[in-house]
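Given the structure is predicted, the values throughout are model-derived calculations rather than measurements. First listed ligand is number 1; within each ligand, the first listed atom is number 1.
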Amino acid sequence: MKSVLLSSAAALFALASTANAQPTAEVLHYWTSGGEAKAVQALKKDFEAKGGKWIDAPVAGGGGDAQAAVLRARVLSGDPPAAVQIKGVNIRDWAEAGALADLSAVANKYHWDDILPKQLQDIVKYEGHYVAVPVNVHRVDWIWANPKVLAKVDAKVPTTWEEFNQVAEKLKAAGIIPLAHGGQPWQDGTVFETVVLGIGGPDFYKKAFVDLDPEALNSDTMVKVFDEMRKIRGYVDPDFPGRDWNLATAMVMRGEAAMQIMGDWAKGEFLAAGKVPGKDFICASTPSDKGYILNSDSFAMFKVKGDDLVQGQQLLASLILGEKFQETFNLLKGSVPARMGMDQSKFDSCAVKSMNDMKETAKNGSLVGSMAHEIVQSGAVRGAILDVVTEHFNSDMSSKEAAKKLAENVALAQ
Ligand code: GAL
């Protein structure tokens, strides 16, 4: 009799503690710049408004390489954060390692299959189950230009790489920095992949970065890409090494430089500073034959113990694809919603262009996943590509040598 009483008391206690557990989530992310911080604050506010306890775990460092090291250490020490902002093939890699919680229950309850485009479903599902929730779509292949600076040399935003070089030469001759840039591998890789798309086209891009085809990596086309990278190296200022991406954006904002090649998280910086698209800055896709380089941020829920943490993960996952949140977050972040069928009326011309171009390029096959931002490659292979690109950008390495090294190093990294 006593044991029955004891076990029912324990059950009651467990029930009570579950009922009283406050949904809690430690959230690891790297959104620490102006626009990024405002966007992540919106998620925190929404989560807390629903009774959640948010434990912020920011790791500064654009592009996320610094955060990736922290995440590996945390998981290896058996203490993973509950929710982590990760992307692309990293999600597959962590799922393969058995580290991610299954989000099927939340996904079914909120019909994610009906509201997410196939491109994003492919990124956040592992073996048919949702293991992460996408929060946005960031386009990578953008030029951000200051129209007042371009006007000084009577130039328009370039639509071909030849025009880009001509405009840059005119700016340089006028003593104006043509391209604001931060010399960090992920930023060099961001510029590089837009040139690969522009000069080689989407099929070449996929052969190089998805198939890792050595014939494409060490080809005359790739030599032409490195030729253009050599020209671009001549258009940045002497203080570019190590500069954070958002400081380069600020140079364009202040009119110290004419353009920046960066994903539309840069728009989040312009907007956070109260700048108006079309007036204070112009967005234009980098020269390509109507391609689109997709990046998308997601939150993956790592396997954790404790009702409060599991409930925190479920609460967070249930919020992220809500229509109101999708609008609030993406307006601040500079990205466009992951959720399909959203009302576009609050979004500016850059965002509407991104949404329309994404739809069109998905249909005609010229939508590609970012290599620099770990959608199609991560780890050693991405590292091998970025190393060659950065070494070439910061040396007098010939284009032929760079293309040859690219194919060799990628082969070694697989
Ligand atoms: C990207 C990320 C964006 C933005 C950018 C700069 O990889 O997807 O959300 O944060 O890095 O940090």
Side-chain angles (χ1 to χ4, degrees), residues 27-43 56-71 83-91 119-120 123-124 132-142 144 180-194 209 242-250 252 260-272 283 292-300 320 326 328-338 350-351 354 358 368-379 382-383 385-386:
V27 183
L28 184 72
H29 65 88
Y30 53 91
W31 289 334
T32 57
S33 78
E36 292 173 331
K38 284 179 100 171
V40 80
Q41 282 307 312
L43 179 55
D56 205 33
V59 178
D65 292 317
Q67 173 198 284
V70 171
L71 175 58
V84 183
Q85 175 221 335
I86 54 175
K87 298 175 299 168
V89 290
N90 290 315
I91 296 170
Q119 292 86 2
L120 298 190
I123 291 173
V124 294
V133 50
V135 67
N136 64 8
V137 171
H138 267 309
R139 183 177 194 169
V140 177
D141 50 315
W142 285 110
W144 304 95
H181 181 64
Q184 296 169 347
W186 74 271
Q187 293 190 63
D188 299 341
T190 296
V191 175
F192 179 68
E193 67 183 19
T194 70
F209 292 154
R243 179 185 286 133
D244 285 335
W245 67 273
N246 53 318
L247 301 183
T249 311
V252 177
Q260 180 184 22
I261 293 174
M262 187 47 71
D264 42 23
W265 44 92
K267 191 180 80 173
E269 300 302 298
F270 283 107
L271 298 179
C283 60
Y292 186 112
I293 302 181
L294 177 140
N295 175 27
S296 172
D297 296 305
S298 298
F299 280 94
I320 284 173
Q326 279 287 300
T328 310
F329 178 89
N330 285 289
L331 284 172
L332 292 167
K333 189 72 175 59
S335 41
V336 297
C350 302
S354 177
M358 181 181 162
V368 295
S370 172
M371 171 280 301
H373 296 275
E374 304 179 280
I375 299 300
V376 294
Q377 293 297 343
S378 72
R382 170 177 172 268
I385 297 170
L386 297 188

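Numbered from 1 in the order shown, with element, the atoms of ligand 1 that lie under 4.0 Å from a heavy atom of Gly62 read 12 (O). Every atom of ligand 1 with a heavy atom of Trp245 under 4.0 Å away is listed here by number and element: 6 (C), 12 (O). Of all the atoms in ligand 1, the ones that sit under 4.0 Å from a non-hydrogen atom of His138 are 3 (C), 9 (O). Atoms of ligand 1 lying under 4.0 Å from any heavy atom of Gly63, numbered from 1 in the order shown and given with element: 6 (C), 7 (O), 11 (O), 12 (O). Those atoms of ligand 1 that come under 4.0 Å of a heavy atom in His373, given as number and element, are 1 (C), 7 (O).
The CG atom of Asn295 sits 8.0 Å away from atom CD1 of Ile123, with the distance rounded to the nearest 0.5 Å.
Side chains of His29 and Glu36 form no contact here, defined as non-hydrogen atoms less than 4.5 Å apart. Between His138 and Ile375, every side-chain heavy-atom pair lies at or beyond the 4.5 Å cut-off.
The backbone N or O of Asn136 lies less than 3.5 Å from a partner atom in the side chain of Ser296, making a donor-acceptor pair.
By the 30° and 60° cut-offs, the orientation of the rings of Trp265 relative to Trp245 is perpendicular. Ring geometry, Phe329 versus Trp31: the interplanar angle falls from 30° to 60°, so the pair is classed tilted.
Residue-to-ligand polar distances keep Asn136 apart from ligand 1: every N/O pair is separated by 3.5 Å or more. For Glu36, a nitrogen or oxygen atom sits less than 3.5 Å from a nitrogen or oxygen atom of ligand 1, counting backbone and side chain alike.
Counted by atom type alone, His373 and Asp297 present zero donor-acceptor pairs between their side chains at under 3.5 Å.
For atom 8 (O) of ligand 1, the closest heavy atom belonging to the protein is Asp297 OD1, 2.5 Å. Nearest to atom 3 (C) of ligand 1 among the protein's heavy atoms is Lys333 NZ, 3.5 Å. Nearest non-hydrogen protein atom to atom 7 (O) of ligand 1 is Lys87 NZ, 2.6 Å.
Put simply, no part of Glu374 is less than 4.0 Å from ligand 1, judged by heavy atoms. Note on ligand 1: Gly64 sits outside its first shell, no heavy atom being nearer than 4.0 Å.
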